[in-house]
Protein chains: 2
Amino acid sequence: MQPTETAPGGRPRRSDATRAAILEAARERFASDGYERATIRAIARDAGIDPSMVMRYYGTKEGLFAAASEFDLRLPDLAAVPREEAGAVLVGHFLERWEEDETLNALLRVGVTNPAGAERMRALFQEQVAPAVAAVCPDPELAGTRAALVVSQILGMAVSRYVLRFPPAAGMPRAEAVAWLAPTVQRYLTAESP
Amino acid sequence: MQPTETAPGGRPRRSDATRAAILEAARERFASDGYERATIRAIARDAGIDPSMVMRYYGTKEGLFAAASEFDLRLPDLAAVPREEAGAVLVGHFLERWEEDETLNALLRVGVTNPAGAERMRALFQEQVAPAVAAVCPDPELAGTRAALVVSQILGMAVSRYVLRFPPAAGMPRAEAVAWLAPTVQRYLTAESP
DNA sequence: AGTCTAGGTCAACGCCCGTTGGCCCCTGCC
DNA sequence: GGCAGGGGCCAACGGGCGTTGACCTAGACT
């Protein structure tokens with residue numbers, strides 16, 4: 001038996017480079033192919049190692065996905081920006097994050113067809129988005145609803161732009177997308193009622 | 001050789017019931033499982049026939065999906081409703097359609113992980129949504145952008161509500177969702193600029 | 001009544017998948 | 001310099017997949 005996991009502060013292992021290569025290849029494949037078509041064999045090939053190594057380090061395909069889909073949105077503290085700019089800041093941050101890290105695309109593609117992936121997305125929503133949104137909500141009891149509305153608009157743009165690639169959405173400069181979406185998100189965050 | 005297709009006006013075939021059962025089972029499976037996990041064997045089992053019949057009538061799994069994903073959004077003529085209600089009408093119609101026919105969910109789930117499915121969604125956008133939106137756009141050259149924005153909001157709500165099932169979005173009464181989204185869509189349809 | 005064809009079943013094919021177990025080699029330690 | 005153990009490869013497994021072709025069967029037409 002050999003250790004498959006170490007506390008984050010543990011001594012570096014000789015296999016760390018391989019582990020990282022596997023994770024990177026996995027994120028790429030999950031992001032572009034979804035869960036079922038992202039095969040362990042293809043991921044291993046991308047990482048330049050044998051498929052059995054993936055099993056050794058991550059136990060199972062589901063375990064690999066769990067490790068590859070760990071993600072920090074790094075949401076800004078919305079209480080620290082001018083109240084009327086919260087919407088623009090949030091939209092800009094999300095789109096930027098989506099373009100710089102393929103993990104979000106992996107989460108989205110897997111979340112849509114795989115129950116475990118959907119659960120991951122719900123956790124991301126509850127643990128990261130909802131609290132960040134609650135920080136600028138006028139009414140605590142509506143915070144969940146507001147967060148869901150915000151996410152619906154941002155998620156929809158991400159699907160249109162990065163996944164389905166509707167020409168007008170995919171071709172739109174990011175600044176233009178932010179300009180259109182910001183007032184919407186601002187309203188969801190702070191408007192008294194619909 | 002035997003005919004696999006007949007002109008829409010053709011005489012009814014003895015196999016029409018079977019063909020319909022296959023299509024219904026296929027839509028159900030594609031909607032709940034996505035393309036890869038919706039197996040021909042499972043669809044045939046649901047339809048109460050042998051898997052080879054599916055191949056006989058639809059040629060290939062891709063052909064089956066093409067047939068099962070034919071869809072008419074039945075979008076209303078937006079020029080016929082009061083200008084300021086276009087947003088509410090459009091949102092309400094989409095959510096209703098999403099709940100009454102699982103084909104839309106099948107399209108969405110497959111579109112996210114399958115290239116052919118994504119192409120289908122783009123065709124739906126271009127052939128049905130874009131023209132309907134153009135009917136109320138003040139500026140023809142911006143119609144495509146406006147349609148994409150509208151779709152991004154509606155698609156995002158559908159993903160949140162029906163696919164990922166974020167609790168606040170999934171639990172929200174449809175009327176409340178419409179009330180929140182309507183002003184957004186209205187603005188995308190008619191506002192001069194962001 | 002006899003024939004022909006469309007509707008349907010069955011068994012198999014080849015392929016690829018996730019996963020396993022055995023084996024080798026290299027490295028760091030005593 | 002031996003040796004333990006982690007890093008790595010290889011070959012195989014059982015199973016499920018899409019797809020095929022041979023084979024029955026029952027109805028419609030003449």
* **For atom CZ of Arg14(B) and atom C1' of dC29(D), their distance in whole Å** => 12 Å

* Asked: Taking atom C1' of dG16(D) as reference, at what distance in whole Å does atom CD1 of Ile43(B) sit?
  -> 15 Å

* Take atom CG of Leu64(A) and atom C1' of dT19(C), then tell me their distance rounded to the nearest Å. => 14 Å

* Asked: Could you give the CG-to-P distance, from Asp16(B) to dA6(C), as a whole number of Å?
  -> 14 Å

* Has Tyr57(B) got a side-chain N or O lying under 4.0 Å from the OP1 or OP2 atom of dG8(C)? -> yes

* To do: Please collect all side-chain hydrogen bond (donor to acceptor under 3.5 Å, both in side chains) contacts where either partner lies in residues 43-54 of chain A, sequence neighbours excluded, each pair once.
  => Arg29(A)-Asp46(A), Asp50(A)-Ser52(A)

* Tell me, which pairs form a side-chain hydrogen bond (donor to acceptor under 3.5 Å, both in side chains) where one or both residues lie in residues 131-159 of chain B, sequence neighbours left out? -> Ser152(A)-Gln153(B), Gln153(A)-Ser152(B), Tyr188(A)-Gln153(B), Asp139(B)-Arg146(B)

Exercise answer: donor-acceptor pairs, residues 78-93 of chain B side-chain atoms, under 3.5 Å, sequence neighbours excluded:
unit_1, atom_1, unit_2, atom_2, d
Arg83(B), NH2, Val136(B), O, 2.9
His93(B), NE2, Leu73(B), O, 2.8
His93(B), NE2, Arg74(B), O, 2.9

* **Side chain of Ile49(A) (C-beta onward), nearest among dC9(D), dG7(D), dG8(C)** => dC9(D)

* Asked: Whole Å only: how far is the CZ atom of Arg37(B) from the C1' atom of dC17(C)?
  -> 15 Å

* To do: For Arg13(B) and dA28(D), give me the distance from atom CZ to atom P, rounded to whole Å.
  => 16 Å

* Asked: With sequence neighbours left out, what residues match Arg165(A) under side-chain hydrogen bond (donor to acceptor under 3.5 Å, both in side chains)?
  -> none

Pull out every protein N or O sitting under 3.5 Å from an N or O of nucleotides 19-24 of chain D, one pair per line with the distance.
unit_1, atom_1, unit_2, atom_2, d
dT19(D), OP1, Thr60(B), OG1, 2.6
dT19(D), OP2, Lys61(B), N, 2.9

* Quick one: is dC16(C) close enough that its OP1 or OP2 comes under 4.0 Å of any side-chain N or O from Thr39(A)? -> no

* Does dG7(D) have OP1 or OP2 sitting under 4.0 Å from an N or O in the side chain of Thr18(A)? -> no

* To do: Report the residues that fulfil side-chain hydrogen bond (donor to acceptor under 3.5 Å, both in side chains) with Arg122(A), sequence neighbours left out, ordered by chain and then residue number.
  => Glu119(A)

* Structure fact -> Between CE of Met53(A) and P of dC10(D) the distance, given in whole Å, is 12 Å

* **Pairwise distance CG(Leu181(A)) to CD(Gln186(A)) - rounded to 0.5 angstrom** => 12.5 Å

* To do: Nearest whole angstrom, please: distance from the P of dT19(C) to the OH of Tyr58(A).
  => 15 Å

* To do: For Arg161(A) and Glu99(A), run salt bridge (Lys or Arg N to Asp or Glu O under 4.0 Å): C-alpha distance rounded to whole Å, both residues' side-chain angles, the deciding distance at 0.1 Å, then the answer.
  => CA-CA 10 Å; Arg161(A) 240 173 112 81; Glu99(A) 286 171 20; 3.3 Å; yes

